[in-house]
Amino acid sequence: MNQAISSPSLQAPKAIHLKDYLPPAFLVQQVDLCFRLDDHHTRVISRLQLQRNPARKEHDLPLVLQGQQLQLIELKLDGRTLSSSDYELTDEQLTLTGVPDSLVLESEVEIDPLSNTALEGLYQSSGNFCTQCEAEGFRRITFYPDRPDVLARFTTRIEADQSRFPVLLSNGNPIERGELPDGHHFVTWEDPFPKPAYLFALVAGQLHPVKDTYTTLSGRQVALEVWVEKENLHKCDHALRSLKAAMQWDEQTYGREYDLDIYMIVAVNDFNMGAMENKGLNIFNSSCVLADHRSETDMAFHRVESVVAHEYFHNWSGNRVTCRDWFQLSLKEGFTVFRDQQFSADQHSPAVERIQQVAMLRTAQFAEDAGPTAHPVRPESYIEINNFYTLTVYEKGAEVVRMLSELVGRDTFRKGSDLYFERFDGQAVTVEDFVACMAEVSGLDLSQFMRWYSQAGTPQLTAESHYNPTARTFTLTLRQHTPATPGQDLKEPLLIPVKLGLVGPSGQDLPMEVNGELWGQERVVHLKEQEQTWTFHNLDAEPVPSLLRGFSAPVRLLLDRSPEQLAFLMTADSDGFNRWDAGQQLALLAIRELINQQQCGAAMMLNPALIQAYRQLLDAQVTDPAILAEMLQLPSEAYIAEQYDQVDVDAIHLARDYARKTLATALYPAFLKLYQQFAKNQAWSAEAAAVAGRRLKNTCLGWLVATESEEALQLAQRQFEQADNMTDQLAALICLAHAEDTTSGDPALKAFALQWAHDPLVMDSWFSAQVTRPHPDALERVKLLMAHPAFSLKNPNKVRALIGAFVNQNRHNFHRRDGSGYALLADTVIELNRINPQIAARLVIPLTRFRRMDDYRKGLMKNELERIRAEKLSPDLFEVIEKSLAQ
Ligand code: B3K
Ligand code: ZN
């Protein structure tokens, strides 16, 4: 490792290892907090009732409490004021030795919420106070054993100026409120459920509620409240509807009822992630709560529904049963994502939901698995846990739970989850505890399965088949191989559930017979060895195997299939997901041919099989517009890049663009017909059919505009002007803004900004629409827009909408050969390192993926990483940069 510039070893923060886990030395029975809120001088008075943990036998262990950026005012042990010689205080912790087995520790600290731009702990957003404590934010509020396996009962008294902060919220139920001198007031909240500190929350400010109620299965009334700024009161209905649907679904599907009398959701504008499941008081990024069809797209509606459900589901998978330590993060996140995916599938089209999940997993999560920050679903060590709220922990973690449910069957899975929730209610547990419940109820040995939690990297699955017409047999050999990942060279075979069927020449699923056993038309085979072969009997003609139906395992399927076979599966496969995937693979094949042609200097020629397959799709009667819209999406540049060890960004962009334009031109009349069919004047509706219709219509509009024809641009212009909803308006705006000819794009962008200047969420889309423009001036636009008054580096949504969208969704411009994309990202990351380390560490990721680039770009990217490394880095950024430069 090159340590020439800043000698990072000097500042190197220490890594924490799973294998070093020890139970806490002290437990907390009761926490009583009092907040005296003030912009720069908030006082936090805490009273902790502590007791030695009987699980730790060692004698006289010291009491260690975490605390960061706290100014200690006073400390008392059992009523006696301590002096600085009675304890040891560092930047990170407070240590007391020789304390009794049972004690009361009172502390008063001062904190500065208004200067807190990291958005962790207590901070302000648009003048309101709010908190974010997961994973380790509570230590920025008061001294505490800040670890998830310490569960305590909390009361919280909040005191604040009544006119500036009329609303004072915390976890649980309000038990007392009153007036104080000098125009102040207070409210005290009590949470009856013991909880880890990461679930603590406080909100104070000028907020307004939209209220509803829900009656649980057992007949209890729960008050539902969504708290927002006044101007957003009209945007809350969808979140409330989603919440009620989620509550009902969890009762029906998992037998889980809500436990408190009140459930609150607060929307804030400055938030590092989507939302947070604090007990009884969820705090949300406003982009995941607010939805009105005039200002939010169908996609935003979907996001709101699934995030509201996700946070609600955490009340059981996360809050009632929580994690023993942060290595177990996927225990709550993977399971809860799986639950929200099941919920979405039940609310909408299961096939479309699965397609969209997999499209994301296969690009973004697979890329993570192949990059320098690859880690198992359960990491073994970390420097900064915030770096591990990743697609691997969340999405791959959900895939692992999905496989479990496939392996044991849906009913048995429910028995397993019942057992898990009952056995571990009120406890902090591990992944083993969860899997053991599934093993117990199913009788399956899941020990090999546990490797999915400990092995990083995406397994590759290859298949070979052979048909013997005389014996009428078909043999299928599956092989698995997981490539090495940083720090993990040796990989062992996994238990991979492969759902498969055999499609006969006339397009039907054939009955399968293996070793005299009748399998029916679909089966999940368990691949356990490196290589396994199955022989199917009594087949009169060669079948086409349909493998990994529904994407039954998160693997890279490497399969040589002809364009004819793929085109056949595209229409014949009985599995909706696999029909879509056959189309994706066919398009990929054709685009890869174009990339080859370009790389050897030949003229590009699009494979007619792809044009033919698209024609067939477009000519057929539209039975399912939602699926058709998915079938008509070309693989993204990111997914195409995923297929290569050496990525040629320019060739990928040109090839995909060529494929797009050629298809659009060849099939223009068919796209136009379909567009017109679904563009018929209809007022906006939230119905599934209307949502699908809009998606299909706007997909067609995108294809039409790809030809840059005058007519298509006029259609987009008309749609932009006449739209009564954001889905249509934004789709048209993007078409116009991405067109080569800017004569209609620029005025449309101007008009849009004028219309929506008052709405920060809509302005986010306006930023993204411009910086994802494929043309060479995109980077200059990013720079220009960074100076726009609506932009701020302090607001994570703005950073994601502008810089994030550019570096992740405008790949060829980010990778400009002059290196200016890299320099821009590095400059921004350096600045963000001081403002918001979590966001900085996330944003830098595309720069760390230099290994697959050509040598020239690799050099440029590494230089920028070294430039970042020369700064005084937060632990977040330090960990990511070191890992990427260590390659
Ligand atoms: N549990 C939170 C994420 C907290 C992230 C901390 N850096 C939201 C969620 O997954 O539901
Ligand atoms: Zn979650």
Side-chain angles (χ1 to χ4, degrees), residues 13-28 50 52-58 61-68 92-93 120 132-140 143-152 194-200 276-279 314 316-337 373 375-390 392-394 396-397 400-401 420-421 423-437 450 452-456 487 838 875-876 879:
K14 275 239 304 270
I16 310 201
H17 296 268
L18 168 59
K19 63 173 171 30
D20 295 340
Y21 173 83
L22 283 171
F26 284 82
L27 301 175
V28 184
L50 295 141
R52 278 189 193 277
N53 184 1
R56 291 291 298 271
K57 305 276 180 249
E58 304 97 310
L61 286 171
L63 171 62
V64 181
L65 305 175
Q66 283 74 42
Q68 276 174 15
E92 303 272 319
Q93 61 189 42
E120 238 194 326
Q132 172 55 36
C133 294
E134 185 178 358
E136 299 180 331
F138 195 68
R139 63 189 60 184
R140 291 164 188 249
F143 288 104
Y144 199 76
D146 189 6
R147 41 188 292 167
D149 55 355
V150 173
L151 281 77
K195 65 167 176 289
Y198 83 85
L199 291 173
F200 170 81
M276 178 63 212
E277 69 265 24
N278 317 301
K279 184 82 190 185
H314 267 315
W316 275 97
S317 47
N319 301 4
R320 289 287 287 259
V321 182
T322 196
C323 301
R324 186 192 75 173
D325 54 70
W326 291 119
F327 297 103
Q328 319 296 329
L329 183 57
S330 196
L331 174 70
K332 76 177 177 80
E333 295 306 346
F335 187 21
T336 305
V337 171
T373 57
H375 53 277
V377 168
R378 177 165 62 185
E380 252 133 49
S381 78
Y382 60 78
I383 288 177
E384 173 52 64
I385 185 57
N386 282 322
N387 286 334
F388 288 81
Y389 286 75
T390 57
T392 300
V393 167
Y394 275 65
K396 187 175 178 182
V400 172
V401 177
Y420 171 72
F421 289 130
R423 181 176 288 170
F424 299 114
D425 190 7
Q427 296 184 43
V429 300
T430 62
V431 163
E432 278 81 4
D433 293 324
F434 179 72
V435 177
C437 288
M450 286 302 293
W452 279 106
Y453 285 101
S454 57
Q455 265 182 204
Q838 266 184 61
D876 311 56
E879 181 170 36

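Values below: every heavy atom of this structure, side chains too, minus hydrogens, waters and symmetry copies.
Between the side chain of Asn53 and the backbone N or O of Pro24 there is at least one donor-acceptor pair closer than 3.5 Å. Proximity of a side-chain donor or acceptor of Thr336 to a complementary backbone N or O of His314 within less than 3.5 Å is not detected. When atom types are taken as modelled, the side chain of Gln66 and the backbone of Arg139 share no donor-acceptor pair closer than 3.5 angstrom. Judged by distance alone, with hydrogens and angles left aside, the side-chain atoms of Arg56 form a donor-acceptor pair with the main-chain N or O of Pro23 at under 3.5 Å.
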| Does the side-chain contact (heavy atoms from CB on, under 4.5 Å) test come out yes or no for Phe327 and Ile16, once each step is laid out? | CA-CA 10 Å; Phe327 297 103; Ile16 310 201; 4.2 Å; yes
| Worked verdict on His375 versus Val393 for side-chain contact (heavy atoms from CB on, under 4.5 Å) | CA-CA 9 Å; His375 53 277; Val393 167; 4.1 Å; yes
| said: Under the criterion side-chain contact (heavy atoms from CB on, under 4.5 Å), I'd like the reasoning laid out for Glu134 against Leu329: C-alpha separation, chi angles, the key distance, then a yes or no. | reply: CA-CA 11 Å; Glu134 185 178 358; Leu329 183 57; 3.7 Å; yes
| Given Thr373 and Asn387, is the side-chain contact (heavy atoms from CB on, under 4.5 Å) satisfied, shown in steps? | CA-CA 9 Å; Thr373 57; Asn387 286 334; over 6 Å; no
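For the pair Glu432 and Arg378, the salt-bridge criterion is met [side-chain N within less than 4.0 Å of a carboxylate O]. By the 4.0 Å N-to-carboxylate-O rule, Lys14 lies too far from Glu92 to be salt-bridged with it.
Nearest heavy atom pair, residue Leu27 against residue Pro54, reads CD1-CD, 4.4 Å. Contact detail for Tyr198 and Asn278: the closest heavy-atom pair is O-OD1, 4.0 Å. Smallest separation of non-hydrogen atoms from Leu63 and Leu65: CD1-CD2, 3.9 Å. Annotation for Ala25 and Leu61: closest pair CB-CD1, 3.8 Å, computed over non-hydrogen atoms. Taking both residues in full, the closest heavy atoms of Pro148 and Ala428 are given as O-CB, 3.9 Å, listed atom of the first, atom of the second, then distance. Contact record, Leu151 with Pro194: CD2-O, 4.0 Å, taken as the closest heavy-atom pair.
For the pair Val429 and Tyr420, the minimum side-chain heavy-atom distance is below 4.5 Å. Looking at heavy atoms from C-beta onward, Val431 lies in side-chain contact with Met450 at the 4.5 angstrom threshold. Between Leu199 and Glu277 the shortest side-chain heavy-atom distance falls below 4.5 Å. Tyr21 has its side chain within reach of Asp149: a pair of non-hydrogen atoms, C-beta onward, lies under 4.5 Å apart.
Atom NZ of Lys396 sits about 10.0 Å away from atom OG1 of Thr390, to the nearest 0.5 Å. We find the OG-CH2 distance between Ser330 and Trp452 to be 13.0 Å, quoted to the nearest 0.5 Å. Atom NZ of Lys279 sits about 9.0 Å away from atom NZ of Lys195, to the nearest 0.5 Å. The CG atom of Asp146 sits 6.0 Å away from the CD atom of Glu136 when rounded to the nearest 0.5 Å. With values rounded to the nearest 0.5 angstrom, Glu333 atom CD is found 13.5 Å from Thr392 atom OG1. For the atom pair Arg140 CZ and Glu120 CD, the distance stands at 4.5 Å (nearest 0.5 Å).
Ring-plane geometry between Tyr144 and Phe138 is classed as perpendicular, the angle between the planes exceeding 60 degrees on a 0 to 90 degree scale with a lower cut at 30. The aromatic rings of Trp326 and Tyr389 are tilted relative to each other, their planes meeting at an angle between 30° and 60°. Between Phe388 and Tyr382, the ring-plane angle classifies as tilted under the 30° and 60° cut-offs. Note: Phe335 and Phe434 have tilted aromatic rings, judged against thresholds of 30 and 60 degrees for the angle between ring planes.
Under the side-chain hydrogen bond (donor to acceptor under 3.5 Å, both in side chains) criterion, Gln427 pairs with no residue, sequence neighbours left out.
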